[in-house]
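No experiment lies behind these values; they were computed from the predicted model shown.
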Amino acid sequence: NVHYLTTKNGLLYELKNEESTIALNLVNDAQFPFHDRGEGGLLSVVSNNKFVYISYTSEDYLVVDEYSKNFSNVRNIIKIAAKGGGHYGGTLVFDKLGRLYLSVGDDGNMDLPQNLNSLRGKILRLDVSKLKQEPEIVAYGLRNPWKVSIDSKNRMFIGDCGLSTVESVYLLNDLYSGMPYNLGWPVFEGSKRKNKGDPLMFKDTLAPIYEYEHKNGKSAGVIGGFYLDHLEVYLFADVVGTLWLLKEQKNGKWYLYHYDKPVNLTCTSLLCIWTFGYDEKTKKIF
């Protein structure tokens, strides 16, 4: 019955009994100087009912910290170097086995997503029950997985923002497959080859379950959403307010079930969609 809401500038709200209180204020925190620069800020919050975890950008890092339920800082979980190139990712989510996942963008460096010695352009798994973290790479070859989610079947949906042509939605059916998934970036942007000289073949990557191209030269970055069990659809959006619903066929392929295009494609503060919230109990989407 408790929900949390982050704001980019460093305020974290606790929502309970139809009332909201500021549970954490990082606005003037010396460790949080990156709140007004580009894509940085307080990016995500998640709880496992024992602790609360937040991700944010510091001066040169993407940071994940652990807090108690009354929001006293317990420890740092991980710090990943960031040069300020954007593409932070930064979504936190727990799977059904209690492991914590962090989406990490490529920091604007195309040399990093295919490099398994780098944590950039990856989906990372962390075991927060241990004192020392050894992040495990679950997926690589990502540009900017701004929003990811895990459904009741323990599947991960990823919205990966493209560069100039394609926005992609990926599905990791098995989070414990034993081998990390390669989603192809920067050799492929979705299913479109970007680097003709690279030997990586598309058949050796995980294909997106859905992708769409930018229309009329307007960027429409993908905003990943949630799988809704009661409707059996995956809901996601783009930053200018378009909504998509995807549905899975019996053969495992996904198709466009519904498409809701806004009348005005000019992104305003009222029209932009930056993220979704989902209340599994009431089935409400925010």
>> Does Asn28, at its CG atom, have more than 12 non-hydrogen atoms belonging to other residues, nucleotides or ligands within less than 6.0 Å?
In response: no
Within the 4.5 Å heavy-atom criterion, are [X] and [Y] side-chain neighbours or not?
X	Y	result
Asp95	Tyr101	yes
Glu39	Trp146	no
Leu124	Leu119	yes

Looking only at atom types and distance, does a side-chain atom of [X] sit under 3.5 Å from a main-chain N or O of [Y], one as donor and one as acceptor?
X	Y	result
Glu189	Pro186	no
Asp238	Thr242	yes
Ser55	Val64	no
Thr57	Leu62	no
Tyr4	Leu15	no

> Hey, which of Tyr255, Tyr227, Phe157 is the one that makes ring pair (Phe, Tyr, Trp, His ring centres under 6.0 Å) with Tyr234?
Replying inline: Phe157
>> Students often mix this up, so state it plainly: with edges at 30° and 60°, are the rings of Tyr212 and Trp244 parallel, tilted or perpendicular?
In response: parallel
> Any idea how Tyr278 and His230 line up, ring-wise: parallel (<30°), tilted (30 to 60°), or perpendicular (>60°)?
Replying inline: parallel
>> Can you see whether Tyr61 has Lys79 sitting over its ring - NZ or CZ less than 6.0 Å from the centre and within 45° of the normal?
In response: yes
>> I need the minimum non-hydrogen distance between Leu235 and Leu243, along with the two atoms involved.
In response: CD1-CD2, 4.3 Å
>> Going by side-chain hydrogen bond (donor to acceptor under 3.5 Å, both in side chains), Glu136 matches just one of Arg99, Arg125, Lys122. Which one?
In response: Arg125
>> Quick one, Leu42 with Leu11, criterion side-chain contact (heavy atoms from CB on, under 4.5 Å). Give me CA distance, side-chain angles, the key distance, then yes/no.
In response: CA-CA 8 Å; Leu42 179 55; Leu11 294 177; 6.0 Å; no
>> Could you tell me if Glu211 and Ser191 have a donor-acceptor pair between their side chains, going purely by distance under 3.5 Å?
In response: yes
> Pick one: which of Asn49, Ile150, Asn48 meets side-chain contact (heavy atoms from CB on, under 4.5 Å) with Phe94?
Replying inline: Asn48
